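A short write-up of the structure that comes next.
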Amino acid sequence: MTKRRLPMVEHADTLSLKALRELVTGLVARADRADIRIEKLEAENQKLRDENDQLRIENTRLKVDNQLLRDEIARLKNLPPRPPFRPSGMEQATSGKTAVGTGKPARRRGPKGDTGSVTREQVLPVAAPPGSRFKGYKDCVVRDLIVRAEVIRYRRECWLTSDGRTITAPLPAGIQGGFGTNLRRFCLMLHSHGQVTTQRLTTLLNDVGVEISKRQVIRFLTQRLDGFHAEDAAVLHAGLVAAPFVTVDDTGARHANRNFYTTHIGGEHFCAFRTAPSKSRLNFLALLRGNYQDYVLNDAAFAFLEDRQVDPALLARLKRREPQRFANQVPFLQYLAEHGIDIFDRDIIRPFAEAGIWGAIRHHGLVGNAVIVSDDAGQFRIGTHALCWVHAERLLHKLMPTTPRQVKHVETLRELIWLFYKALKDFSRSPGRRAAQGLKVRFDRIFSIRTGYVDLHKLLARLKRRKAELLRVLERPETPLHTNASERDLRGCVIKRKISGGTVSRDGRQARDSMLGLMKTCQKLGLSFWHYLGDRLGISNVEQPVPPLAAMVAAR
């Protein structure tokens with residue numbers, strides 16, 4: 001007789017004791033089997049998690065090794081190493097611009113601004129049938145460019161005076177080696193502004209009909225530029241005296257088959273480039289000193305030495321009531337040697353040399369109250385210093401979290417920093433004392449967060465130690481929060497380096513720095529570089545001359 005299965009809907013009260021025992025025993029057995037399966041699944045899940053963590057760590061190691069190999073390949077090819085991370089996009093995300101497609105309005109089509117400067121008029125006739133009436137003209141303004149070679153023969157009068165002297169009519173100003181000033185202006189414009197190499201420039205001129213050698217083109221670009229060099233130095237001097245802030249940065253350069261460095265010093269209305277074999281703090285201070293060569297031991301110099309934690313006993317030997325000024329390096333080193341300082345030990349003499357140059361900078365009124373904004377490179381940490389927020393936030397991208405929890409912590413901190421950066425930008429537009437105090441408290445709260453991720457904690461502690469430099473905008477609202485302006489200006493140097501390679505002679509290096517700096521300065525001042533070159537070469541066809549750029553920088 002088969003055992004009848006109890007229906008599932010039957011209530012437990014209707015079951016017999018035996019059936020109830022069987023039901024409970026079956027449920028307990030099923031629960032035991034479920035526990036065993038759960039424990040097995042948990043063990044397998046933990047095993048997979050451990051394997052996943054190991055794979056993440058191995059993937060991170062492979063990324064690092066891959067980047068090291070890329071850097072080594074770039075080094076062997078004499079190229080700068082590529083950054084191991086992508087741009088963060090913090091500046092664009094917090095700029096407050098509208099979405100794509102709803103930005104600045106479309107440009108209204110209409111008459112151009114140069115219709116009032118017509119250089120030539122030409123009447124175009126038409127064959128009208130008999131009986132037609134003349135109804136005037138229908139104007140059409142056409143813009144064109146004429147490039148042609150012009151060979152001029154100057155017939156210079158020669159006279160013999162009664163006393164036997166020969167008088168010959170002089171050539172027009174600017175003629176060099178049988179070539180006119182317009183040709184030199186054209187070469188300077190294309191090479192500096194158009195990034196045209198000397199070889200292509202020579203080919204272009206020969207194709208147009210100007211018989212010229214590459215050597216002569218190089219002479220145009222590198223020689224007889226003393227006036228431009230002097231104006232470039234004056235622009236840098238005016239900017240360092242008058243600008244409320246300067247942004248600085250550097251990039252690699254090649255000169256005479258050696259690795260050099262091009263340093264950019266710029267502000268809102270000026271720009272200057274200097275290429276040197278070193279990018280140390282001593283070199284940067286020498287660039288800020290400009291054309292001065294003196295050394296000064298004054299209060300600013302001794303404050304600099306105290307910040308560098310130089311031995312107080314050595315400082316006591318040098319201190320005098322009146323500032324000590326030295327014409328150049330030789331008497332300065334002689335003075336240090338006379339007071340018991342070993343001038344042949346680089347580690348000892350370097351801070352004194354830096355302090356002497358810094359004292360000269362302050363003595364001449366350079367970098368008076370200006371804020372120096374940099375990307376945290378050590379050589380730029382002088383004076384009133386501010387840090388670039390874009391470079392500071394970029395440090396988060398260098399972290400390589402290995403677990404999803406660590407990834408989430410990094411993303412959360414990045415979002416908090418982006419929101420804080422946007423608040424700083426709002427503060428710079430409308431500053432206030434109460435808002436500044438609130439931002440300081442908010443900064444401490446963000447950079448004191450503890451998440452359990454050790455590398456992230458170290459980074460937050462590192463940035464918190466630089467609080468004064470990161471929050472410089474709270475006391476100087478005109479200070480920019482980033483060094484994007486310097487990076488944009490340096491892009492011209494990078495492009496020229498990729499196209500033209502490096503320089504060979506000292507004249508070529510100085511010409512490249514001066515012309516690039518003057519070109520960028522003209523752009524920031526809203527001037528035409530073509531008209532500027534014509535004015536300085538004495539062939540400008542503009543009625544109003546271009547004033548000195550240094551005076552314009554100081555006035556702005």
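All values derive from a computational prediction rather than experimental measurement.
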So do the side chains of [X] and [Y] get within less than 4.5 Å of each other, counting heavy atoms only?
X	Y	answer
Q544	H531	no
L318	L336	yes
K425	E91	yes
Y532	M519	no
V504	N257	no
H264	T247	yes
H397	R414	yes
L183	I212	yes

I'd like to know whether [atom1] of [X] has more than 12 heavy-atom contacts from other residues, nucleotides or ligands below 6.0 angstrom.
X	atom1	answer
D299	CG	no
R346	CZ	no
N291	CG	no
E338	CD	yes
R350	CZ	no

Hey, does the side chain of [X] reach the backbone of [Y] with a donor-acceptor pair shorter than 3.5 angstrom?
X	Y	value
N206	T202	yes
T521	C271	yes
R281	I382	no
R289	D294	yes
R472	H385	yes
N328	Q293	no
R381	D376	yes

Minimal non-hydrogen separation, [X] against [Y], with atom names:
X	Y	result
C493	L516	SG-CD1, 3.7 Å
A149	V210	CB-CG2, 3.7 Å
P277	R258	CB-NH2, 4.0 Å
G365	V241	O-CG2, 3.9 Å
T198	I218	CG2-CG1, 4.1 Å
L305	P351	CD2-O, 3.3 Å

Self-check item: Pairing residues for R120 by the side chain to side chain donor-acceptor pair (under 3.5 Å) criterion, not counting sequence neighbours
Solution: Q122
Interatomic spacing from [atom1] in [X] to [atom2] in [Y] - rounded to 0.5 Å:
X	Y	atom1	atom2	value
M552	L525	CE	CG	5.0 Å
Q379	S374	CD	OG	8.0 Å
D347	I349	CG	CD1	11.0 Å
K520	L518	NZ	CG	12.5 Å
S278	F260	OG	CZ	10.0 Å
L240	I265	CG	CD1	6.0 Å

Practice problem: Could you check whether the rings of W358 and F304 sit parallel, tilted or perpendicular, using 30° and 60° as the cut-offs? | Solution: tilted
Exercise. Could you check whether the rings of W530 and F186 sit parallel, tilted or perpendicular, using 30° and 60° as the cut-offs?
Key: perpendicular
Quiz item: Which one of R509, H255, K496 satisfies the side-chain hydrogen bond (donor to acceptor under 3.5 Å, both in side chains) criterion with T503?
Solution: H255
Self-check item: side-chain hydrogen bond (donor to acceptor under 3.5 Å, both in side chains): pairs with one or both residues in residues 181-190, sequence neighbours excluded
Solution: none
Practice problem: Let me see the working for V248 and F284 under side chain to side chain contact (heavy atoms under 4.5 Å, CB included), right down to the final yes or no. | Solution: CA-CA 10 Å; V248 293; F284 179 62; 3.8 Å; yes
Looking at residues at least two apart in the chain, or sitting in another chain, which of them share a salt bridge (charged side-chain N to carboxylate O under 4.0 Å, His left out) with [X]?
X	answer
D249	none
R200	none
K524	D489
K467	D444

Exercise. Not counting sequence neighbours, list each pair that qualifies as a ring pair (Phe, Tyr, Trp, His ring centres under 6.0 Å) and has a residue in residues 209-249.
Key: F179-F220
Quiz item: If you look only at pairs with a residue in residues 325-348, which of them pass as a ring pair (Phe, Tyr, Trp, His ring centres under 6.0 Å), with sequence neighbours excluded?
Solution: Y295-F332, F326-F332, F326-Y335, Y335-H339
Self-check item: Verdict with reasoning, M515 to H191, per side chain to side chain contact (heavy atoms under 4.5 Å, CB included)
Solution: CA-CA 9 Å; M515 299 310 294; H191 184 70; over 6 Å; no
Exercise. Indicate whether any N or O donor in one side chain lies under 3.5 Å from an N or O acceptor in the other, for T262 and R497.
Key: no
Quiz item: Do D513 and T275 meet the criterion of a side-chain donor-acceptor pair at a distance under 3.5 Å?
Solution: yes
Quiz item: What do the steps show when you test T384 against V367 for side chain to side chain contact (heavy atoms under 4.5 Å, CB included), and what is the final call?
Solution: CA-CA 9 Å; T384 306; V367 199; over 6 Å; no
Quiz item: Can you check side chain to side chain contact (heavy atoms under 4.5 Å, CB included) on L474 and L424, steps first, answer last?
Solution: CA-CA 8 Å; L474 300 183; L424 288 178; 4.0 Å; yes
Qualifying salt bridge (charged side-chain N to carboxylate O under 4.0 Å, His left out) pairs with a residue from [range], counting only residues at least two apart or across chains:
range	answer
residues 525-539	E231-R536
residues 265-274	D232-R274
residues 545-556	none

Quiz item: Sequence neighbours excluded, which residues qualify as side-chain contact (heavy atoms from CB on, under 4.5 Å) partners of I495?
Solution: Q195, R491, I499
